[in-house]
Amino acid sequence: MGKPRSPKGRAVEVASRLAGEYPGAECELTHRNPFELLAATILSAQCTDARVNMVTPNLFARYPTPQDLANADISELEGIIRSTGFYQSKAKNLIGMATKLVHQFGGEVPRDLDDLTQLAGVGRKTGNVVRSVAFNLPGLPVDTHVGRLSRRLGLTTAEDPVKVEHELGKFLPPTEWGHFSLRLILHGRRVCDARKPRCGDCLLADICPSSR
DNA sequence: ATCCCGAGGG
DNA sequence: CCCTCTGGAT
């Protein structure tokens, strides 16, 4: 098969190869329900999944339901999530998120992206994670990895994550968005590192404009 | 010094 | 558009 020359052609080829390499790519944030995933994803801002997974067992044990989290003592909550960074704003956001869940969404995590992004601490990336992972609905989370790899691979030139999301979305069917995002993240962590990409070990090197 | 599954506020 | 928020790992 010839080298894809267009961004769309490359995107389709990248998606196909990554699906072969990481067939069972899953969200690595520990969670048992949509509420826990939502909380874990809020904590994941500028923080590794591994670090989030170190605090969430305590968090979920202490605040099992939106009602419990809505009533949390903010100092105690800050202590539990402190090591994930940005802990003051994250604590405030978790309480605000849970409060809105209780009072405006009947204690349930909404599925609509516009509803999700109304919640404190929930932006487009977090909303799309919850939609795609918890509800198996169309959602293309663009985090730092997805943005970086998409640009290196020549799938987009946009820096704005929302623009990246919309450009990538045109290249693939909505049913594949979630897995594509997960696989780019996994590949970004294992091979296409932000500081020292290991192009020699990359299965995409022959179609990557940035490979050296 | 730079990066990690960002989001809110000015 | 910019800035700020934060700890931990490399």
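Under the 4.0 Å criterion applied to side-chain N and carboxylate O atoms, A:Arg148 and A:Asp143 are not assigned as salt-bridge partners. In this structure, A:Lys90 does not pair ionically with A:Glu78, as no charged nitrogen and carboxylate oxygen lie closer than 4.0 Å. The pair A:Asp201-A:Arg190 fails the salt-bridge criterion, with no side-chain N (NZ, NE, NH1 or NH2) lying under 4.0 Å from an Asp/Glu carboxylate O. Salt bridge annotation for A:Glu28-A:Arg189: present, with a cationic side-chain nitrogen under 4.0 angstrom from a carboxylate oxygen.
Straight-line distance from the CG atom of A:Leu43 to the P atom of B:dA7: 12 Å, rounded to whole Å. What separates CG of A:Asp143 from C1' of B:dC3 is a distance of 12 Å, to the nearest Å. For the pair A:Arg131 CZ and B:dC5 C1', the interatomic distance rounds to 18 Å; values are reported in whole Å. Between A:Leu116 atom CG and B:dG6 atom P the separation is 17 Å, expressed in whole Å. Look at CZ on A:Arg124: it is 16 Å from C1' on B:dC5, rounded to the nearest Å. The interatomic distance linking A:Lys196 (NZ) with B:dC3 (P) rounds to 15 Å, in whole Å. Per the geometry, CG belonging to A:Asn128 stands 13 Å off P belonging to B:dG6, to the nearest Å. Following rounding to the nearest Å, A:Met97 (CE) and B:dG6 (P) show an atom-to-atom distance of 17 Å.
In this structure, CD in A:Gln67 is found 10.5 Å from CG in A:Leu101, a value given to the nearest 0.5 Å. To the nearest 0.5 Å, atom OG1 of residue A:Thr41 and atom CG of residue A:Asn128 are 11.0 Å apart. Atom CZ in A:Arg10 sits 11.5 Å away from atom CG in A:Leu204 (nearest 0.5 Å).
Note on A:Leu119: only backbone sugar-phosphate atoms sit closer than 4.0 angstrom, heavy atoms only; bases stay farther off. A:Thr41 comes within contact range of no nucleotide atom at all, as no heavy-atom separation falls under 4.0 Å. Using a 4.0 Å heavy-atom criterion, one finds that A:Leu182 contacts the bases of the nucleic acid, with or without backbone contacts as well.
Of the C1' atoms belonging to C:dC5 and B:dC3, the separation is 16 Å, rounded to the nearest Å. When the C1' atom is compared between B:dT2 and C:dT6, the two are found 15 Å apart, to the nearest whole Å.
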Could you run down nucleotides 5-10 of chain C 5' to 3' and tag each one B, S or - for protein heavy-atom contact under 4.0 Å?
BBBSBB

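In this structure, the nucleotide among B:dC3, B:dG6, B:dC5 sitting nearest to the side chain of A:Ala194 is B:dC3.
A:Lys125 and A:Ser44 share a side-chain donor-acceptor pair at under 3.5 Å. Checked by atom type, the side-chain pair A:Gln118/A:Asp114 shows no donor-acceptor distance below 3.5 Å.
Using a 4.0 Å cutoff on non-hydrogen atoms, the parts of residues 144-171 of chain A near DNA chain B are A:Thr144, A:His145, A:Arg148, ordered by number.
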